[in-house]
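Each remark here refers to the structure printed beneath this line.
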Amino acid sequence: MMSACPDPLWPSYRAGARLTVDLDAIASNYRYLQTLASGASCAAVVKADAYGLGIERVAPVLENAGATDFFVAHVDEGIRLRSVVSEKARITVLHGPRPGASADCVRYGLRPVLNSLEQIALWRDEGSRTDALPEAALQVDSGMSRFGLSDADLETLQADKGLVDGLKVGLVMSHLACADTPDHPANQAQKDRLLQMSARLPPAPLSLSASSGIFLGTDYHLDVVRPGAALYGIAPNRTGPNPLSPGFFRTFRDDVF
Ligand SMILES: *Cc1c(COP(=O)(O)O)cnc(C)c1O
């Protein structure tokens, strides 16, 4: 049987499959997650083209559903997002400033995550060239060991207050390594580490949980939660039925192979 896909130039015709995105389901997942984490503010992670679903379509829908805080991976994603959300939307760049790209954070009002002393130095340099340095987020390594400031880095910062003076720190964050295993002891340990480490930094709202972390309970919500996958309907763990609505589904053409 031929599928109803008459134009051979349509990407779905050429690919042999069609991706259907349910924007209402994504909005309803956002509202569900914000309700679940009602003591915190629920951000929206839209990195990697909103997980492949199309940031230009997805981000405005999330904003309409109430999101004011967005996270992307790279500066270029932030620039792209800037043009499709309102001016008051806050955009945080997870990979932080890079040589040659940090000026664009200033130009487009993007909040970089500073993951290392090198990035802090780079951002301070940027600050010496502008009166309007956006606020930054600081990431600490609470146990994931992939990125973030270490204890030794925090010692350096405490020994030389000048390194963070002048930075507007709008968020202190970390990322859970094992949140999809709810009874994993690393979860509690990472939360404790974030609280300890943040006490050595300028006071700021705290953020620890991505999608799976939200389902660990209110102890893990802190000030800001950062779901990505759950917005799009992906189950947060394997412990029960998925409470989220499917945000996308694929249909395969039945006239090929
Ligand atoms: C990707 C990412 C998220 C979102 O993770 P999900 O598991 O998709 O919810 C949150 N925080 C950081 C730092 C990330 O890199």
Side-chain angles (χ1 to χ4, degrees), residues 30 41-64 66-141 144 146-150 153 156-157 162-175 201-202 204-207 210 223-229 231-232:
Y30 175 82
S41 157
C42 187
V45 180
V46 293
K47 65 191 180 192
D49 200 21
Y51 290 50
L53 304 185
I55 195 170
E56 277 86 2
R57 301 293 298 278
V58 167
V61 166
L62 288 165
E63 191 172 28
N64 263 332
T68 55
D69 232 341
F70 294 88
F71 286 77
V72 293
H74 299 287
V75 170
D76 283 336
E77 294 176 334
I79 295 172
R80 210 172 136 194
L81 178 59
R82 196 31 99 206
S83 66
V84 297
V85 288
S86 72
E87 220 168 274
K88 66 180 192 315
R90 179 160 48 201
I91 301 176
T92 305
V93 178
L94 290 164
H95 289 279
R98 307 253 159 209
S102 52
D104 277 339
C105 289
V106 178
R107 188 169 311 135
Y108 293 93
L110 309 176
R111 178 171 76 173
V113 179
L114 308 178
N115 295 290
S116 64
L117 294 180
E118 289 75 14
Q119 287 193 319
I120 289 175
L122 193 65
W123 195 238
R124 281 169 45 81
D125 284 352
E126 210 49 57
S128 68
R129 287 190 281 273
T130 174
D131 294 332
L133 191 70
E135 64 174 41
L138 292 176
Q139 172 131 247
V140 298
D141 177 9
M144 181 132 174
R146 217 194 302 156
F147 38 45
L149 300 164
S150 64
D153 294 337
T156 306
L157 293 178
L163 291 174
V164 281
D165 276 358
L167 295 184
K168 286 171 271 178
V169 180
L171 189 73
V172 172
M173 59 178 277
S174 196
H175 196 54
L201 290 166
L206 298 180
S207 178
D223 299 304
V224 179
V225 294
R226 313 184 305 266
L231 293 173
Y232 311 115

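Please read these numbers as outputs of a predicted model, since none were measured by experiment.
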Which atoms form the tightest heavy-atom contact between [X] and [Y], and what is the distance?
{"X": "Leu122", "Y": "Pro99", "result": "CD2-N, 3.5 Å"}
{"X": "Gly170", "Y": "Ala204", "result": "C-CB, 4.1 Å"}
{"X": "Ala43", "Y": "Val224", "result": "CB-CG1, 4.1 Å"}
{"X": "Val172", "Y": "Pro202", "result": "CG2-O, 4.3 Å"}
{"X": "Ala89", "Y": "Glu63", "result": "CB-OE2, 3.7 Å"}

Taking [Y]'s backbone N and O only, do any of them form a donor-acceptor pair with [X]'s side chain (distance below 3.5 Å, no angle check)?
{"X": "Tyr30", "Y": "Val61", "answer": "no"}
{"X": "Ser207", "Y": "Met173", "answer": "no"}
{"X": "Glu135", "Y": "Arg111", "answer": "no"}
{"X": "Ser83", "Y": "Arg80", "answer": "yes"}

> Partners of Tyr108 by ring pair (Phe, Tyr, Trp, His ring centres under 6.0 Å), sequence neighbours excluded?
Replying inline: none
Is there a side-chain contact between [X] and [Y] in this structure, where contact means two heavy atoms from C-beta onward sitting under 4.5 Å apart?
{"X": "Tyr232", "Y": "Val58", "answer": "yes"}
{"X": "Ile79", "Y": "Asp104", "answer": "yes"}
{"X": "Cys42", "Y": "Pro227", "answer": "yes"}
{"X": "Asp223", "Y": "Leu171", "answer": "no"}
{"X": "Leu201", "Y": "Val169", "answer": "no"}
{"X": "Pro97", "Y": "Leu114", "answer": "yes"}

Working to the nearest 0.5 Å, report the span between [atom1] of [X] and [atom2] of [Y].
{"X": "Leu149", "Y": "Asn115", "atom1": "CG", "atom2": "CG", "answer": "7.5 Å"}
{"X": "Leu157", "Y": "Asp165", "atom1": "CG", "atom2": "CG", "answer": "10.5 Å"}
{"X": "Leu81", "Y": "Asp49", "atom1": "CG", "atom2": "CG", "answer": "11.0 Å"}
{"X": "Ile91", "Y": "Asp69", "atom1": "CD1", "atom2": "CG", "answer": "10.0 Å"}
{"X": "Ile55", "Y": "Lys47", "atom1": "CD1", "atom2": "NZ", "answer": "12.0 Å"}

>> side chain to side chain contact (heavy atoms under 4.5 Å, CB included) for Thr92 and Val113? Distances and angles first, verdict last.
In response: CA-CA 7 Å; Thr92 305; Val113 179; 3.5 Å; yes
>> Could you walk me through whether Val85 and Leu62 satisfy the side chain to side chain contact (heavy atoms under 4.5 Å, CB included) test, starting with their C-alpha distance in whole Å, then the side-chain angles of each, then the deciding distance to 0.1 Å, before giving a yes or no?
In response: CA-CA 9 Å; Val85 288; Leu62 288 165; over 6 Å; no
>> Under the rule for salt bridge (charged side-chain N to carboxylate O under 4.0 Å, His left out), what residues qualify as partners of Arg82, not counting sequence neighbours?
In response: none
> For Val106, which residues count as a side chain to side chain contact (heavy atoms under 4.5 Å, CB included) partner, sequence neighbours excluded?
Replying inline: Trp123, Glu126, Thr130, Leu133, Pro134
> Parallel, tilted or perpendicular for His95 and Phe147, by the 30°/60° rule?
Replying inline: perpendicular
>> For Asp153 and Ser150, which I'm curious about, is there any donor-acceptor pair between the side chains at under 3.5 Å?
In response: yes
>> Could you go through Arg226 and His175, starting from their C-alpha distance and side-chain angles, then the distance that decides it, and tell me whether this counts as side chain to side chain donor-acceptor pair (under 3.5 Å)?
In response: CA-CA 10 Å; Arg226 313 184 305 266; His175 196 54; 3.0 Å; yes
